[in-house]
Amino acid sequence: MEDLVNILKALADIHRLRLFLELTRREMGVCEAISLLGLSQPAVSHHLKVLKQAGLIKNEKQGKLIFYYATPETVQLLEKELGGFLGKIRKLLETPVKPSPLREQPDLCEFLGFKKEVCEEGEEL
């Protein structure tokens, strides 16, 4: 589950998602990523670091240049983690959602130490 959380955190940023998608098409140096995203070098380096730590991209050094890219294995990791998670949710939703104990015990919220107003907060969607 920790791998999935790291992947989702890494892809939850629009710049990292855009960068990751581009890196599935072609390798890029930092300057190319800066040009793509229109961000500063430190910001782009941070985004690359987050993607790499999540296992979504790899890099290769050639002389003084570093090239970043996604591999089929990194995409398979994403597919495995997300697929497994979605499969669990799908299986759980095959049975009806259990009702909240609060339906049967309206005083449960207060019993748990919350004020009645807290229990009644919220809005209908």
Side-chain angles (χ1 to χ4, degrees):
M1 183 76 88
E2 192 173 324
D3 286 342
L4 177 60
V5 169
N6 290 333
I7 289 169
L8 292 175
K9 281 182 182 180
L11 296 177
D13 179 273
I14 187 68
H15 300 298
R16 287 193 291 269
L17 180 59
R18 188 170 172 213
L19 185 55
F20 174 71
L21 289 173
E22 189 62 30
L23 291 172
T24 62
R25 293 185 192 104
R26 64 184 178 105
E27 68 178 11
M28 298 175 75
V30 174
C31 61
E32 294 170 297
I34 291 169
S35 180
L36 172 76
L37 299 176
L39 299 174
S40 67
Q41 181 271 322
V44 170
S45 292
H46 170 74
H47 290 311
L48 288 165
K49 179 182 174 184
V50 172
L51 290 170
K52 187 174 177 187
Q53 287 175 336
L56 292 171
I57 64 171
K58 294 185 177 189
N59 67 292
E60 182 179 309
K61 191 169 184 176
Q62 181 179 334
K64 292 184 179 185
L65 297 175
I66 299 175
F67 295 94
Y68 295 87
Y69 56 94
T71 67
E73 294 81 24
T74 59
V75 176
Q76 287 170 355
L77 169 68
L78 176 62
E79 186 176 54
K80 175 187 164 219
E81 292 295 330
L82 284 176
F85 178 69
L86 293 174
K88 287 177 186 176
I89 291 174
R90 190 177 310 111
K91 187 169 183 144
L92 288 170
L93 289 174
E94 288 175 358
T95 59
V97 175
K98 294 179 184 177
S100 167
L102 191 58
R103 287 189 183 274
E104 299 293 322
Q105 303 168 358
D107 296 333
L108 180 61
C109 223
E110 291 172 345
F111 177 77
L112 293 172
F114 296 100
K115 293 181 180 179
K116 191 172 192 148
E117 298 81 36
V118 172
C119 300
E120 296 170 354
E121 279 187 11
E123 59 184 73
E124 287 188 46
L125 301 176

Legend entry - Separation of E79 CD from L86 CG (nearest 0.5 Å): 11.0 Å
Legend entry - Separation between CG of N6 and CG of L51, rounded to the nearest 0.5 Å: 12.0 Å
Inset, instruction - Might you point out which heavy atoms bring A33 and V44 nearest each other, and give the distance in Å? - result: CB-CG1, 3.5 Å
Inset, instruction - Following the transitive rule for hydrophobic clusters with a side-chain heavy-atom cut-off under 4.5 Å over Ile, Leu, Val, Met, Phe, Trp and Tyr, establish whether V50 and L8 coincide in one cluster. - result: no
Legend entry - Enclosure of E73 CD (heavy-atom neighbours >12, cutoff 6.0 Å): yes
Inset, instruction - State the CG-NE2 distance between L48 and H46, to the nearest 0.5 angstrom. - result: 10.0 Å
Inset, instruction - Check the hydrophobic clustering (I, L, V, M, F, W, Y; side-chain heavy atoms under 4.5 Å; chains of links allowed) and say if L17 and L82 are grouped together. - result: yes
Legend entry - Separation between CG of L78 and OG1 of T24, rounded to the nearest 0.5 Å: 10.5 Å
Legend entry - Non-hydrogen atoms of G29 and F67 that approach each other most closely: N-CD2, 4.2 Å
Inset, instruction - Please round to the nearest 0.5 Å and tell me the distance separating atom CD1 of I7 and atom CG of L77. - result: 4.0 Å
Inset, instruction - Can you see which heavy atom on I34 is nearest to which on L39, and at what distance? - result: CG2-O, 3.2 Å
Inset, instruction - Quickly, which of E22, R26, E27 forms a side chain to side chain contact (heavy atoms under 4.5 Å, CB included) with E32? Name it, please. - result: R26
Inset, instruction - Say whether I14 and L19 are linked into one hydrophobic cluster, either directly or through other cluster members, by side-chain heavy-atom distances under 4.5 angstrom. - result: no
Legend entry - Other residues, nucleotides, ligands: >12 heavy atoms within 6.0 Å of L92 CG: yes
Inset, instruction - Measure across Y68 and I57 and return the closest heavy-atom pair with its distance rounded to 0.1 Å. - result: CD2-CD1, 3.9 Å
Legend entry - Heavy atoms from other residues, nucleotides or ligands near CZ of F85 exceed 12 (cutoff 6.0 Å): no
Legend entry - Cluster overlap Y69 with V75, hydrophobic side-chain contacts below 4.5 Å: no
Inset, instruction - First locate atom NZ of K52, then atom NZ of K58, and finally report the distance between them rounded to the nearest 0.5 Å. - result: 10.0 Å
Inset, instruction - Please report the closest heavy-atom contact between V30 and S45, naming both atoms and the distance. - result: CG1-OG, 4.4 Å
Inset, instruction - Specify the closest pair of heavy atoms between K9 and R16, including all atoms of both residues, with the distance to one decimal. - result: O-NH2, 3.4 Å
